[in-house]
Each structure stands twice: as structure tokens, then as C-alpha cells.
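Inspection log for the structure reproduced underneath, given as C-alpha cells.
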Amino acid sequence: MENAISTEVLVVGAGPVGLTLAVALGQAGIRCTLVERKDAPQFLPKMERCNARTMEIFRRMGIAERVRAAGLRADVPMDVYIIEAMNRAPLLKHAYPSVSVARRAIDACTDGSLPLEPYQLISQYTLEPLLKSIAESLPSVCVKYGHEFLSFHDDGSAVTAQVKQGGGVETIKAKYLVGCDGGGSPVRQQLGIRLEGESFTEFRQALYRCDELFDRIPIGPGPGRGRHYHVADEAFTFLIMQDSTRHWTLHARVERDEDMRAQFEKTIGVPVKYEMLHVGRWRQNLLLADRYQSGRVFLAGDAVHLVIPTGGLGMNSGVGDAIDLAWKLAGTLRGWGGPRLLAAYEAERRKVGEFVLAASTYASQGRRKWRSLWRNLDELVRVAEVEQRKSNEMIGAELAYSYAGSPLVCNEPGGPAPEFREYRPTTWPGARLPHVWLAGHVPIQDRIGQGFSLLNFAGRANDLSGLGGAFAGYGAPFEILDLKEETARELYGFDLILLRPDMHVAWRGNRAPQNANEIAAIATGHV
Ligand SMILES: Cc1cc2nc3c(=O)[nH]c(=O)nc-3n(C[C@H](O)[C@H](O)[C@H](O)COP(=O)(O)OP(=O)(O)OC[C@H]3O[C@@H](n4cnc5c(N)ncnc54)[C@H](O)[C@@H]3O)c2cc1C
């Protein structure tokens, strides 16, 4: 007997990427089941920084303030130190703003060069339970922890998955399956998709609770509160403040788990009361999958790209995968998406994966360069002054990635190549719409709906009914936003800008297009 379809999308893996995807699908009213083999989110250290683009995305999903409330308080700076030990004057300090200071700069910015939202420091073990509770509050989302994905069969019209729960095996049938199941991805393995690239050194990482350290940071003269403390030593020791300011992680190349105690004590340099809560191992990887899709099965996040955490791009690019896939799945399932809509996921996101891998390679080579000089501290400081900045100053890697060249974009010849060191605001088709303030200090992002949007700066000069009719012909959500703002018009350079649901530019022009049907067909994946 034919199994009933249990869900529209089956998501495997409740890391930050699977959880973000489940929330985005749930908000679009798509029926989605999320299976996770762990019984509950774990209190284990991993990422700790949502970058500016992720926070813009979270704002659009209506959850940014909850993420901030759960994360590090807004007044703590993100300063990065290179030290011998915390009780000695630092060798080098690079100052980076707190969220409050970054927000003031954003508030004053009128040239589109800054994101709408600053970064937010939030530990993965805080973010996952929060996203889980948001996913569980959505009526069309079913979250199942303690469920291990075993295998699937894609028959061309649906995917049937076997999932182990307790002593039994459950069958879940879905229209689509998405593997957000991390670096070891069983879904990817069943598809026979390979990760290509390089694997490097294995590190030990420990998590400590130390209530007094943040208030008593003994570093040199002057205030020493920061986020990252790199120790100039052979073991690549690296201390990271977590979101509560009471928890700290330390990475080092040491022989035994127990060595992580001595490494922590040596780094702090003064006696403190602390507890070592966990020691684990992790490997630095620069790996990218050769494909992101096969049939009705898609892959996202660490399942398809593994980068070195320098630059903090791993989870953040996975969140980008999730929201990209979410609107394409929703469009296809609701019938307005054409056959090329979902197929464009791989074309668009694998290119971003390559970009992020290049950025991570660039940052980690810089890190290795200064670290190799640990025997000569003067030289190390001279080199680190330039090379360490590469890890923390990659605004382009966060904001400049583009879908130019995608089959879903009305491409213009040429165009700027995205650059991970800097961000130059542009409305080149494929680019993320630069942030701009409208009258009353309202960000343009907050005015833009969840479907396709046409920004119209030319009043009634154009008859836009053709575009409206073309999108309506596919049943695709479309709205026109009439704007009179000169600053935005000047920055964007065009009277008409067509945005996709993810706020990337699909088309731009100064007159109502003659080929409205073609534009709508491209943007919705029908061409
Ligand atoms: C030390 C360190 C620091 C980092 N810092 C940052 C940072 O600051 N910023 C950043 O962006 N990234 C950072 N990263 C990277 C980031 O942690 C990962 O990119 C992120 O966790 C990827 O999320 P994911 O959801 O794709 O995969 P994961 O977090 O690996 O989640 C995959 C989930 O799938 C589940 N799963 C696996 N197999 C199955 C199965 N068969 N059935 C059901 N469930 C399954 C797993 O249990 C897991 O919960 C860091 C990584 C490390 C190691």
C-alpha cells in the first residue's frame, strides 16, 4: 500500500542550519518534519558569532531580538589580543566595536556600506535551544529529537526515509529531503557526493566555567576585556570568551585531554577558580562538496562546506543556504516556482561556498603565517599586525556574495567581482540589496514583504501593471513599493529594482520593462 505523505519537507539534523531551515519553512506555512539523532541540544562549544548578514536574515525572520537577548550583552567589545599570558602586557591588540558601538555607526551611515544589523556573539549551545523553541512554536513544523536518519529512497515523486527512534524504525515520506546533518552527513554519503579539499591539524577544545575571569581579566595595564586571546606559542593556544562571559573555550594542540587544564592555567597566568566542563577534538578542514543536490534531495551547511573557523563563516554561510533553499522549496511546493527554481539552489549556493572557502583559506593562511613566528616575538607582532586582521576584517565575505550569473537573475554583462576584504554597495543583478534608512529612520528591509518586491522610485512615470500581471500569471507573491526617498534612489542608481524573496536583486531598470513576462519567468524559475 502506498504510504501517506507525512510531510512536505523532511529536514535531517537540528544544528543551526537545519533549525533555521525548519523555522523559515514553518513561517512560510510549509509542513516540515525535522529529525535529530541527539535526544536534546547539547551544551558543547562550537560557533559563537552570528555575523551581520545572519543577523539581517534573523531580523527578516522576526527573531533577531530574541537572539540578541539570549546572547552576549551589547556593551562588551570584541577586541582581539595576542598575548604570552593574560597576566602580561599584550603583544598586540586589535580593537573591534561592541554591538552598541557598531549600532551607532550603522545609525549614522547613509552610503549603504554597512549592514542593517551588527554581528551578535551567541554560543551555538545557546542558539540551538532558542531556534528549537521557535521551530516548535510553528504549527506546520514537527521537531523530533531522538530520531536518527538511517536511509532514504527517492522514487522521483517523493522521498521515503527510514528513521530510527528508540528500538523501532519509522518511515517518513516527504516531497523533499534536506540533509543538514553536518560534516559527516549520512545523507550526503548515501548520495555518494564527495567533499573535496584539504584537512589539517587536529585540535583539542575545552569548555570551562570560570565566573570570576571576566571581571578580573589580568591583562597588562588598561582594560583587557576582549573576545579572543591568541597565545603566541607552539601549541596554537587560543582562548575565546563565550556569550555568558562565565564560560570560556580554549583550543590547543596538546597530547592529552588532561593537558587542557595546564594550558588554561598557563594562559590565564593568575590563579582563578574554574571547572573544566568538556574536552573534545576537532579538525581544521577546507572542504567543498562537488554537488548540493541530487533528485529530490538537497544538502546544506556543514554537510556541503567545511571551513576553518577563522572569519567565523561556517554556520553563517549555512544559514545563507537555509534561507535560500527555504524560499525555493516554498515557491515550488506552492506551485508558482518553475522547474529551474530548485535546480538553481546548487548553482547559487555552491558559488557562495567557493567564495567562503577562499575567504577562510585567506584568513587561515594569515593566521598560520604569524603563528609560525612564535620563537621571535618582535617579528611575530610585526607580521600579525597585518595578517591577524584578515580573520576579523572580512565584511565582503559576509555581505558581498552575489548570485550574478544565476539562471534566476536577469544578468547584465560584466559586473563587479565580489571581494571578501571589502564591501561596495551595489544593485548589480544578483547582489544583496544594500541597507539604507528611509524617512523616520526606518530600514528599507523592514518595508519589504516576503515575496517578490518591485522598488519604484519613479512615482507614476511607469506603467508597472505588466510586471504585476506577469507574476500574477504564475501565482507568485508580488508587490510594488512606491518610494520617494532620494538617498535610496541615488545609492541604488535605478528607478526600478526587482527583488527576490531573499532581497537579492533579480532585475533593475529605469523604465517599465518591455519583456515583463520574460523577467517574471526567469525570476520564478520557468525559463
Ligand atoms: C571550534 C569551532 C568554532 C566555530 N566558530 C564559528 C563561528 O564563530 N561562526 C560560524 O559561522 N561558524 C563557526 N563554526 C562552524 C559551525 O560550528 C558549523 O559551521 C555549524 O555547526 C554548522 O551547522 P550545521 O547545522 O550545518 O551542522 P551541525 O552543527 O554539525 O549539525 C548537524 C546536526 O545533524 C545531526 N545529525 C547528524 N547525523 C544525523 C542523523 N543520521 N540523523 C539525525 N540527525 C543527525 C547532528 O547530531 C547535528 O545536530 C565553528 C566550528 C568550530 C569547530
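Counting starts at 1 for both ligands and their atoms, following the listed order. Throughout, residue positions are numbered sequentially from 1 according to the sequence presented.
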Atoms of ligand 1 less than 4.0 Å from [X] heavy atoms?
X	result
Glu48	7 (C), 8 (O)
Gln124	16 (C), 17 (O), 21 (O), 29 (O)
Pro186	38 (N), 41 (N)
Gln205	1 (C)
Arg49	8 (O), 9 (N)

Less than 6.0 angstrom from the centroid, inside 45 degrees of the normal: does [X] satisfy that with respect to the ring of [Y]?
X	Y	value
Arg53	Tyr401	no
Arg349	Phe298	no
Arg225	Phe214	yes

Could you tell me whether [X] approaches ligand 1 through its side chain, its backbone, both or neither, with non-hydrogen atoms closer than 4.0 Å?
X	value
Lys38	side chain
Cys180	backbone
Leu313	backbone

Does the side chain of Asp243 come under 3.5 Å of the side chain of Ser123 through a donor N or O and an acceptor N or O?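 Ser123 and Asp243 do have a side-chain donor-acceptor pair below 3.5 Å.
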
Do His305 and Glu354 have a side chain donor and acceptor closer than 3.5 Å?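 No - no donor-acceptor pair under 3.5 Å links their side chains.
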
Option of least heavy-atom distance to atom 23 (O) of ligand 1 (set: Gly15, Pro16, Gly301): Pro16

Of Pro309, Gly314, Gly182, Ala14, the residue with the heavy atom nearest atom 50 (C) of ligand 1 is Pro309

When the aromatic ring centroids of Tyr96 and His228 are compared, is their separation below 6.0 Å? no

Hey, mind stepping through Arg367 and Thr310 against side-chain hydrogen bond (donor to acceptor under 3.5 Å, both in side chains) and telling me if it holds? CA-CA 8 Å; Arg367 176 84 55 88; Thr310 38; 5.4 Å; no

